[in-house]
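Accompanying notes for the structure given below.
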Amino acid sequence: MKTLYLHDSLTRTKGAFTPLDPKHVRLYACGPTVYSYAHIGNARMAVTFDLLAGILRTLYPKVTYVSNITDVDDKIITASLQTGESCAAITDKYAAIYNHDMARLGLLPPDIQPRATGHIPQMIALIQTLIEKEHAYEAQGHVLFNVPSFPAYGALSGRNRDDQIAGARVEVAPYKKDPADFVLWKPSAPDQPGWDSPWGFGRPGWHIECSAMAQEHLGLPFDIHGGGADLKFPHHENEIAQSCCARGAENDPSAFSKIWVHNGFVTVEGEKMSKSLGNVALVHDLLKEWPGEVLRLALLSAHYRQPLDWSDNLLRQIKSFLDGLYRTLYEMRNIEPDYASAPTAEIDAVLEALYDDLNTPKAIAALSHINKAASLDKSAHQKGILLRAGSLLGILKADPVEWLGYGVSGADIDSSKIERLIQERKTARAEKNYRRADEIRDELDAMGLIIEDTPGGAKWRRRE
RNA sequence: GGCGCGGUGGCAGAAUGGUGAUGUAGAGGACUGCAAAUCCUCGUAUCCGGGUUCGAUUCCCGGCCGUGCCUCCA
C-alpha cells in the first residue's frame with residue numbers, strides 16, 4: 001500500500017500518516033463564518049481539504065470529512081445591524097452561496113457540514129465539563145477558559161503564554177484570572193442571538209463550536225484537523241486546550257486531533273487581502289469571469305503550505321494551461337475513455353506527488369506529461385489516464401467543445417450568419433480572393449470569434 | 001518586541017549534496033495564401049558573504065530583502 005506523507009503543524013515535521021483506524025479516517029477542517037461572500041482565502045482552505053479528503057479516499061475504505069459552518073459570531077451580529085436582515089437570514093443566505101460557489105470550484109460537499117447553532121447543547125455540556133474539571137470559571141456572566149490550567153498550551157503555535165501576553169495588543173478584560181484566558185460563553189442582549197444556559201442567556205465564544213462539533217461527529221481523538229494558517233493561534237490553540245482538558249489530557253496536545261494541517265495565506269497582487277485596502281478577492285465575483293476549474297487549479301498551483309499570490313497574470317497562465325489540456329480532450333472527443341486498464345505509471349506519478357504532502361505543483365507537472373502523451377497517442381487508454389489524472393486534482397470535468405467555445409450558440413451569436421460568412425470565405429479562398437477572405441475573418445473577429453482552417457474545413461470558436 | 005516563513009529563468013512554481021521539473025510568456029523553425037491551432041528548437045534561472053565538503057542552489061553561520069502570525073481573520 002502507498003503511504004501518504006503529511007506535514008504536521010504540531011510537530012513541524014513531515015511524516016508518514018498512520019490513521020488511528022485504517023478502516024475509517026476522520027478529518028475535520030474549520031469552515032467559514034458566514035456573514036459575507038467567501039473570499040479566495042476561504043476557497044484555498046476549502047480546495048486544500050477537499051483535495052486531502054479525496055487523496056485519503058484513494059488509500060482508505062472510509063473517510064469522514066467534516067467541515068463546519070460557523071453561524072453564530074459577533075461579525076454576523078454586526079452584519080445584521082448594518083443590513084437590517086436577521087442573523088438567521090444572513091447565515092442561511094451566505095451558507096447557501098458558499099456551498100454553491102465551492103461546488104463550482106469542483107468541491108464535493110463535506111460528508112458532514114455541521115452548523116454551530118445546531119450544537120449549542122453540546123457546547124454547553126463541554127463548558128460544564130471544563131468548569132467541573134476546574135479548567136474554566138464563570139465571571140460576570142462570562143465563562144472563561146483558564147489557560148494556565150493547561151500546561152501544554154502553546155504547543156501548536158510555538159509560543160509560550162508569557163510571549164503572547166507580552167506582545168498582545170488586546171486589552172485584558174478585568175474579570176479574567178489570567179490575561180490569556182479566553183471566552184467560552186458570553187452573555188447576549190435580548191435582541192442578540194442567544195440561548196438559555198446555566199450561566200444565563202448567552203452565546204458561545206469563538207472557539208468552542210469547533211471543539212464541540214468535531215467531538216460530536218468524529219469522536220476523540222480523530223486523525224487530522226485542518227484550517228488556514230492564521231487559525232493556528234488563537235483558534236486552534238484554544239480548541240486543543242478545551243478539548244484536551246475536557247477529556248483529562250492536560251499534558252497531551254494531540255489528544256484532540258493527532259495531527260494538524262494548515263494551508264498558507266493568499267495575497268492579492270502582492271498585498272494582504274483586507275477590507276481597508278479594498279482588495280478582497282471574492283470567489284463569487286471571480287466566478288463571473290473565470291471557470292471554476294481555473295480558480296481551483298490556480299489555488300493548487302503552489303504547494304498548499306506556501307504563500308500564494310493571487311493575480312490576473314496567474315489566472316491567465318492557468319487558463320492557457322487548461323486550454324491546452326482541453327484541446328487534447330477535444331481532439332479525442334469521439335473516443336470513449338478507457339478507465340478499465342490496469343493502473344499505470346503515469347497515474348502513479350500524479351498520485352505519488354500528491355501522497356508527498358499534497359505536492360500539487362509536482363502533480364500538475366506529471367499531468368502535463370500525461371497530456372503530452374495523450375496528444376501524441378490519442379487512444380482510449382491515454383484519454384482514460386488524462387481524465388483520471390485530472391479528476392485527482394478535481395479538473396477536466398467540462399465538455400471540451402464548450403470549454404474551447406467551438407460552435408457554441410448563444411443569445412449574442414447568430415449561427416446562420418456565421419455559417420454564411422464562412423461559406424463566403426471558403427468561396428473567396430477558392431478563388432484566391434484573399435483580401436475578401438481576410439475581411440471576413442476580421443468581421444468574425446469583431447464578433448468575438450476565432451476561425452481555424454483545418455483539413456476538414458474552417459471551424460470557428462468563441463474568443464474568451 | 002516575541003514567534004514563523006520565504007528569496008530558483010520575463011512571470012508562476014517544483015526538486016535536488018554531483019546532468020535544476022513543469023506551466024506560461026517570448027524568440028526561431030515546420031505547417032498555412034496569411035492567420036489560428038498543433039509540432040520541433042531555444043534561453044549561461046538557484047539574493048549576498050563566509051563555513052563544512054572532492055563537490056552546495058540544497059547543510060551550517062552571518063547579512064540583506066520580502067512576508068505572515070502575535071487583534072476579527074482561511
Side-chain angles (χ1 to χ4, degrees), chain A residues 9 12 29-33 35 38-49 67 73-75 78 154 157-160 162-171 206 226-235 237 262-267 270-275 280 297-309 311 313-325 327-328 330-331 353 356 359-369 371-372 375-376 404 406 428-430 432-435 437-438 441-442 444-445 449-455 458-461 463:
Chain A
S9 302
R12 294 171 192 76
C30 288
T33 302
Y35 63 102
H39 56 64
I40 201 65
N42 295 301
R44 189 181 197 189
M45 163 266 145
V47 168
T48 298
F49 292 99
S67 188
D73 185 277
D74 287 1
K75 289 192 291 293
T78 302
S157 53
R159 65 189 83 205
N160 64 49
D162 294 336
D163 283 347
Q164 45 167 307
I165 291 164
R169 282 172 271 169
V170 62
E171 273 189 51
W206 173 31
D230 58 319
L231 292 183
K232 271 190 203 176
F233 186 88
H235 184 55
E237 200 72 79
H262 290 96
N263 63 274
F265 246 63
V266 181
T267 55
E271 287 185 307
K272 179 179 173 168
M273 273 192 288
S274 75
K275 284 182 179 166
V280 176
L297 198 60
L299 288 168
L300 295 175
S301 69
H303 182 86
Y304 76 91
R305 281 190 284 113
Q306 295 302 122
L308 176 69
D309 189 43
S311 67
N313 190 34
L314 170 68
L315 292 169
R316 279 193 296 273
Q317 292 186 11
I318 296 296
K319 174 66 165 60
S320 294
F321 176 61
L322 274 168
D323 285 350
L325 300 180
R327 184 156 293 276
T328 304
Y330 175 76
E331 287 164 5
D356 183 12
N359 191 334
T360 49
K362 202 173 178 182
I364 292 168
L367 176 64
S368 180
H369 287 124
N371 181 49
K372 186 71 160 182
S375 72
L376 293 174
L404 296 170
Y406 279 113
R429 291 183 73 212
K432 298 211 188 309
N433 182 358
Y434 295 123
R435 203 172 63 86
D438 289 348
R441 184 165 58 210
D442 290 344
L444 289 164
D445 184 73
L449 303 175
I450 296 169
I451 197 154
E452 295 176 2
D453 290 322
T454 71
K459 291 190 303 195
W460 61 273
R461 66 190 170 93
R463 215 192 307 117

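All values below come from the heavy atoms of this structure, side chains included, with hydrogens, waters and symmetry mates left out. A, B, ... follow the sequence lines: proteins, then strands. Residue 1 opens every chain.
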Look at the side chain of A:Asp74 and the base of B:C72, then say whether one donor and one acceptor between them are separated by less than 3.5 Å.
no

Sole candidate of A:Ile318, A:Ile40, A:Leu314 that passes side-chain contact (heavy atoms from CB on, under 4.5 Å) when paired with A:Leu299:
A:Ile40

Judged by each residue's nearest nucleotide on RNA chain B, which is more toward the 5′ side, A:Glu271 or A:Arg12?
A:Arg12

Could you tell me whether the side chain of A:Asp438 has a donor or acceptor atom within less than 3.5 Å of a complementary atom in the base of B:G33?
yes

Just to confirm, is there a sub-4.0 Å distance from OP1 or OP2 of B:A15 to any side-chain nitrogen or oxygen of A:Asn359?
yes

Under 3.5 Å, side chain of A:Thr48 to main-chain N/O of A:Arg44, donor-acceptor pair present?
yes

Between B:G23 and B:C40, how far apart are the two P atoms, rounded to whole Å?
10 Å

So, OP1 or OP2 of B:C3: does either fall under 4.0 Å of a side-chain N or O from A:Lys232?
no

Heavy-atom nearest nucleotide on RNA chain B taken for A:His235 and for A:Arg327; more 5' hit belongs to A:Arg327

Nucleotide of B:U24, B:A36, B:A74 approaching A:Val266 most closely (side-chain heavy atoms)
B:A74

Tell me whether A:Ser157 contacts the main-chain N or O of A:Lys232 through its side chain, where contact means a donor paired with an acceptor under 3.5 Å.
no

Under-3.5 Å donor-acceptor pair between A:Arg441 side chain and B:A35 base:
yes

Can a salt bridge be assigned to the pair A:Lys319 and A:Asp323 using a cut-off of 4.0 Å between side-chain N and carboxylate O?
yes

Starting the side chain at C-beta, find the nucleotide from B:G23, B:A36, B:G13 nearest to A:Ser368.
B:G23

Would you indicate what A:Lys319 reaches in the nucleic acid, counting non-hydrogen atoms under 4.0 angstrom: base, sugar-phosphate, or nothing?
nothing

Distance between P atoms of B:U19 and B:G33 (Å, rounded):
47 Å

B:U58 and B:U16: how far apart are their C1' atoms, nearest whole angstrom?
6 Å

Choose from B:A36, B:C70, B:G23 the nucleotide whose nearest atom is closest to any side-chain atom of A:Glu452.
B:A36

